[in-house]
Amino acid sequence: MAALKKSFQLKSRDFIHAGEASISVQNMLKQIGIESALIRRVAICAYEGEMNAVMHGENGSFRIEVNTDKIILDISDEGPGIEDIAKAMEKGFSTASEEYREMGFGAGMGLPNMETHSDRLDIESEKGQGTRVVMRFSLSPGSRENKTGQSA
Amino acid sequence: MKLSELIDKIDAVVISGDHKLDLDIERIGASDMMSDILAANLGTSSMLLTGLTNVQSIKTAVIAGVEAILFVRNKRPPQAVIDTANSHGIPLLTCPYSMFVTSGRLYAQGFTGLNGLR
């Protein structure tokens, strides 16, 4: 099967539409018959990543790739970057604005949630240089419930 | 417990999704922090109890697979948020009690947390 790819542009601080890319990804994975527990993990990571990029970033981009053996989520932005990645990974650590907290986010759980629900999380970031978060999910032969509705 | 029966226990009213009242709810999560809901080890037949009425509460429910949302303290989301919930088939309810009292009343009915524990 050829890799299935989809990409979205994320608009900075557009909280009305934030989350739509993730819901679209969730629907896409349902259509190609990925098992529901894995869809849930990918969707949670996508949503946390999308919200972070919309909140902190400028010119965010969101890409998903489904290969035969893995799903890759690649979310990047040209925002302020993360000064201390180890610190950002700590549960409860947050630099979120009041606006973001009012949306129900910014409790310092986003990156820890992404780490918990993905098989591998890589973060590339430098202060002032933006952030790129890549999450990988292993696809075993049993990860597909059916083969119908696949498209390239 | 069916949503229609749950409504009576907490004097709730239906904001939208009248046709979904025969949904069976077993697990309930109460939070205004959406990451807490996303982090929960969710089963099926679940409901979100929250005071957060913006569109992200609906999207969190969609992503996490939560099937219904109950707003506390008579809160009602704006129409655009109700429309989003309708488009995803998520019924919305509101009840007059605080998060604490609503949770207590529902706990007394035998509901579990999102992870299935009491």
Side-chain angles (χ1 to χ4, degrees), chain A residues 10 13-30 34-52 54-55 73 88-94 96 98-118, chain B residues 26-73 75-90 92 99 113-116:
Chain A
L10 303 178
R13 277 169 287 283
D14 179 1
F15 292 113
I16 300 297
H17 296 101
E20 286 177 3
S22 300
I23 291 173
S24 173
V25 159
Q26 188 182 36
N27 289 334
M28 178 184 107
L29 297 177
K30 277 181 197 166
I34 303 294
E35 61 161 343
S36 57
L38 180 57
I39 293 177
R40 209 182 105 71
R41 288 169 52 215
V42 175
I44 288 167
C45 290
Y47 187 44
E48 292 277 16
E50 183 178 359
M51 289 302 288
N52 271 353
V54 168
M55 169 64 216
L73 273 178
M89 291 305 301
E90 287 176 14
K91 284 184 182 173
F93 178 79
S94 176
E98 196 54 37
E99 182 190 26
Y100 195 41
R101 291 173 200 268
E102 282 170 9
M103 303 300 298
F105 287 85
M109 286 300 293
L111 287 173
N113 266 356
M114 288 184 242
E115 187 174 43
T116 303
H117 289 96
S118 62
Chain B
E26 292 169 9
R27 301 178 177 201
I28 300 177
S31 185
D32 287 346
M33 295 311 304
M34 296 299 104
S35 286
D36 288 348
I37 300 300
L38 294 168
N41 179 19
L42 205 77
T44 51
S45 310
S46 57
M47 183 174 82
L48 167 61
L49 190 56
T50 187
L52 191 78
T53 55
N54 64 50
V55 75
Q56 297 309 330
S57 60
I58 313 296
K59 289 178 183 171
T60 297
V62 174
I63 293 290
V66 169
E67 291 169 78
I69 302 176
L70 169 63
F71 298 106
V72 295
R73 295 207 283 131
K75 289 191 177 184
R76 279 174 182 268
Q79 188 58 45
V81 174
I82 297 172
D83 293 344
T84 302
N86 284 337
S87 73
H88 290 291
I90 294 178
L92 303 180
M99 184 90 101
L114 290 178
N115 60 2

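Order of the sequence lines fixes the chain letters, A, B, ..., with proteins taken first and strands second; residue numbering starts at 1 for each chain.
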Which heavy-atom pair separates B/Pro77 from B/Ile82 by the least distance, and what is that distance? O-CD1, 3.6 Å
Side chain, backbone, both or neither: which part of B/Val55 has a non-hydrogen atom closer than 4.5 Å to chain A? side chain
Quick one: what part of B/Thr84 sits under 4.5 Å from any heavy atom of chain A, side chain, backbone, both or neither? neither
Of the non-hydrogen atoms in A/Glu50 and A/Ala18, which two are nearest, and what is the gap between them? OE2-C, 3.8 Å
Taking all atoms of both residues into account, what is the closest heavy-atom pair of B/Asp32 and B/Met99, and its distance? OD1-CE, 3.6 Å
Which atoms of B/Leu52 come close to chain A, meaning under 4.5 Å heavy atom to heavy atom: side chain ones, backbone ones, both, or neither? side chain
Which atoms of A/Thr116 approach chain B - backbone, side chain, both or neither, heavy atom under 4.5 Å: neither
Taking salt bridge (charged side-chain N to carboxylate O under 4.0 Å, His left out) as the definition, give me every residue that meets it alongside A/Arg13, ordered by chain and number, with sequence neighbours left out. A/Glu58
Step by step, work out the side-chain contact (heavy atoms from CB on, under 4.5 Å) result for A/Tyr100 and A/Asn52. CA-CA 9 Å; A/Tyr100 195 41; A/Asn52 271 353; 3.2 Å; yes
Is it the backbone or the side chain of B/Asn54 that comes under 4.5 Å from a heavy atom of chain A, or both, or neither? side chain
Counting heavy-atom pairs under 4.5 Å to chain B, which of A/Met109, A/Glu102, A/Glu48, A/His117 comes out on top? A/Glu48
Shortest non-hydrogen contact from A/Phe105 to B/Met33? O-CE, 3.6 Å
Please classify the contact of A/Tyr47 with chain B as side chain, backbone, both or neither, using a heavy-atom distance under 4.5 Å. side chain
